[in-house]
Structure formats: C-alpha cells, structure tokens
Amino acid sequence: MALAAKILLIIASIGLIIVVLLQSGKSAGLSGAIGGGAEQLMGKQKARGIDALLGRLTVVFAVAFMVFAILLGYFLKAGA
C-alpha cells in the first residue's frame, strides 16, 4: 500500500509541476500593458478558458498531492 501511495504521490507532484509551469504569469510592467491591449482586441476568451482549466487542474493536483502525502506518512508510520 505504501508503494502505491509513493507512486501516486510522484504522479501528483509531476502533474502539479507541469500544470503550474503551463500557466501564464500575471503581466506586469510596460510589456504587460502593451500585450494586454492587443489581447483585448484579438480574442482573450480562449486564453481565459485555458487559464481556468489550468487553475482547476492545479487545485486538483494540489489536493491529490496533500492527500497522498498524508496517506504515505500514515502508512510509513504504521509500518514502523
């Protein structure tokens, strides 16, 4: 059971890393102001949909990571 929790924890952590890296950062400074105006004209709705999906996936992977970390700790403590 501990091996399954380890494998699921690794999958959740890799998924969390990938999803966080895929998210777009909050634009700041002059480059964000210039790019932000162009995004409003060129269809920002697609980006919002993808960002919302990535946000939800981040929450799912983060919760899975925490649950599997707690389970792994429980299994390792119970086995010792």
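Every value quoted in this text rests on a predicted model; they were computed, and no experiment measured them.
Clustering ILVMFWY residues whenever any of their side-chain heavy atoms sit less than 4.5 angstrom apart, transitively, puts M1 in a cluster other than the one holding I70. Transitive grouping of hydrophobic side chains (ILVMFWY, heavy atoms separated by less than 4.5 Å) keeps V60 and I50 in distinct clusters. Under the 4.5 Å side-chain heavy-atom criterion for Ile, Leu, Val, Met, Phe, Trp and Tyr, V67 and L76 are members of the same hydrophobic cluster.
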Under 3.5 Å, which donor-acceptor pairs link side chains of residues 5-22 to any protein atom two or more places apart or in another chain?
{"from": "S13", "atom 1": "OG", "to": "L9", "atom 2": "O", "distance (Å)": "3.2"}
{"from": "S13", "atom 1": "OG", "to": "I10", "atom 2": "O", "distance (Å)": "2.8"}

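The minimum heavy-atom distance between L54 and Q23, with the atom names listed, is O-NE2, 3.2 Å.
L72 places none of its side-chain heavy atoms less than 4.5 Å from the side chain of F68.
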